[in-house]
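Contents: one structure, followed by commentary.
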Amino acid sequence: MTWYQENGRKLPWRGIENPYYIWLSEIILQQTRIEQGRGYYERFVSEYPTVVDLAKASEEKVLKSWQGLGYYSRARNLHAAARYVAEELGGKFPNTYEGILSLKGVGKYTAAAIASFAYRLPYPVIDGNVYRLVSRLYGIYTPIGTEQAYREFEQLLLHLIDRERPDLFNQAIMDFGSIYCKPTGCDCQRCIFRQECVAFREGKVDVLPVRRQKVTVKTRYFYYIDIRWQEFMLVKQREAGDIWQGLYELPLFETESPIDSQLLKQTIGEVLQSWLGMAPTDLEVGPEMKHQLTHRTIKAQFLKANYNRKPARIPEKMRIVRYEELKSLPISRLIDRYLSKK
Ligand code: SF4
């Protein structure tokens, strides 16, 4: 804690006690690095200064503010939880660990962070930085990311936490883990824990923490069709039960394996015929893009289908928009990248 008070990072959400702002910062930081998260945090605080303001905003507006952070279910949970606080709790943010934990999208880590930072309740935060530092310091080999590891680290940290200033303790341990005890290349020679650190003494710094076996990453093949006539285009909103729920995108044809490049135009031509009841006047193959999600690789191929008039049939779930309108709708990072390429 002494180290932290002299060297900790000065951030806009540190040293404040407003649980709503702390919650915003924590949810944003689950998605991005501090430097990028700062801009999003400032935008959310200025667009939605209170939890009631966030609750009152439309989901589409909240998704738009979140755009670029990815994993949009977090934004939807944030909005749902704000509505719950505004409507069910009279706008008063819960002030117990259990109350905070009951909010949609709030897990143990976030609940401990809010409870300790805003209310100084002695709940230890356990994130990747804490797992790394503590596993090395105490020589713990339990694979992290498991329920068993969480319980084991929590027990130990409950003994260590400073009951007067759990906020400082938690921030200190996270900052030390991220600034000093880094995943690779940590500066053990100058570390203040060098004498007692088990991993350093036993030469196991590179071995700890032990990770669970990696989940296999699947590949999905997306063929996006940019259907245009005059200044209009077709878009579709993504449905529940899959990635990017609620976001808008170009009409999509998905396959389990890539379509042979020789057959691509013919296949997409047939798809368009069946969707719209007519073939395009011209079909161009556009850019190919790769997009990495946590457990999925998306290989996207964009195609441009030009029509000289409105297609004969517009499927029920597709929507006609003017080209410029698409930018103002909530869209995935992948679609945003495609639009900026043009
Ligand atoms: S000695 Fe090295 S491994 Fe151990 S806590 Fe310090 S920085 Fe981390």
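Computation of the quantities below employed the complete heavy-atom set of this structure, encompassing side-chain atoms and omitting hydrogens, waters and symmetry-equivalent molecules. Atoms within a ligand are numbered from 1 in the order they appear, just like the ligands themselves.
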Item to complete: Would you kindly check if the NZ (Lys) or CZ (Arg) of Arg136 is within the cone defined by 45 degrees around the ring axis of Phe200 and under 6.0 Å from the six-membered ring centre?
Response: no
Practice prompt. For Asp242, enumerate each residue passing the salt bridge (Lys or Arg N to Asp or Glu O under 4.0 Å) test, keeping only those at least two apart in sequence or located in another chain.
Written response: Arg220, Arg238
Worksheet item: Around ligand 1, what residues show up once you keep those with a heavy atom under 4.0 Å from it?
Response: Leu133, Arg136, Cys181, Cys188, Cys191, Cys197, Phe200, Val205
Worksheet item: Looking at Tyr41, is Arg38 sitting on its ring face, NZ or CZ under 6.0 Å from the six-membered ring centre and within 45 degrees of the normal?
Response: no
Quick one: side chains of residues 183-190, donor-acceptor pairs under 3.5 Å with protein atoms, not counting sequence neighbours, listed by atom name and distance.
from	atom 1	to	atom 2	distance (Å)
Asp187	OD2	Arg190	NE	2.7
Asp187	OD2	Arg190	NH2	2.9

Worksheet entry | Tyr223 and Glu254 side chains, donor-acceptor separation under 3.5 Å | no
Could you pull out every donor-acceptor pair under 3.5 Å between side chains of residues 106-116 and any protein atom, sequence neighbours left out?
from	atom 1	to	atom 2	distance (Å)
Lys108	NZ	Glu147	OE2	3.1
Tyr109	OH	Glu26	OE1	3.0
Thr110	OG1	Gln30	NE2	2.6
Ser116	OG	Ala112	O	2.8
Ser116	OG	Ala113	O	3.2
Ser116	OG	Asn170	ND2	2.9

